[in-house]
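Have a look at the structure below before the remarks.
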Amino acid sequence: MGEQEERIKKKGIKVKELARELGVTSRELIDRCRAEGVFVQNSITKLDRQTELKVRAWFDPERKGE
């Protein structure tokens, strides 16, 4: 496992990093989180692994079942 992957796994992933991976803006991701009831203060808020997977599913229809 790479250093970055390990860091993300231990501490969470920042909203802006996840948005970049998903191909959306930080604002789009923050707005969606807030609409779904997930507290996100700004683009450097860290999401835990469970929340990250939920957010990824919102932007990837093939992962809806996860």
Side-chain angles (χ1 to χ4, degrees):
M1 185 178 309
E3 184 178 323
Q4 182 179 4
E5 291 171 327
E6 195 158 323
R7 177 182 52 81
I8 290 169
K9 194 171 191 177
K10 284 184 179 180
K11 297 181 183 178
I13 187 169
K14 290 180 182 177
V15 167
K16 66 181 182 177
E17 293 170 352
L18 182 57
R20 188 177 322 123
E21 285 183 28
L22 295 173
V24 298
T25 65
S26 294
R27 175 55 44 204
E28 289 173 306
L29 199 149
I30 290 168
D31 289 345
R32 180 68 188 266
C33 285
R34 289 177 178 169
E36 297 285 345
V38 175
F39 175 75
V40 175
Q41 188 169 1
N42 54 42
S43 66
I44 60 170
T45 299
K46 290 188 178 180
L47 304 175
D48 61 40
R49 183 68 176 152
Q50 183 178 7
T51 304
E52 175 192 349
L53 292 174
K54 185 188 305 184
V55 171
R56 285 183 185 278
W58 296 337
F59 291 93
D60 183 359
E62 293 179 13
R63 296 179 61 141
K64 286 284 186 200
E66 291 185 27

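Scope of the values below: all heavy atoms of this structure, side chains included, with no hydrogens, waters or symmetry mates.
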Any side-chain heavy-atom pair from [X] and [Y] closer than 4.5 angstrom?
X: L29; Y: V40; value: no
X: V38; Y: W58; value: yes
X: I30; Y: T45; value: no
X: V15; Y: L47; value: yes

Supply the atom-to-atom distance I13 CD1 to R56 CZ, rounded to the nearest 0.5 angstrom.
-> 5.5 Å
Nearest 0.5 Å please: distance from the CZ atom of R27 over to the OG atom of S43.
-> 8.5 Å
So, using side chain to side chain donor-acceptor pair (under 3.5 Å) as the criterion, who are the partners of [X] when residues are at least two apart?
X: T51; value: D48
X: T25; value: E28
X: R34; value: none

Looking at R49 and E52, does any basic side-chain N land under 4.0 Å from a carboxylate oxygen?
-> yes
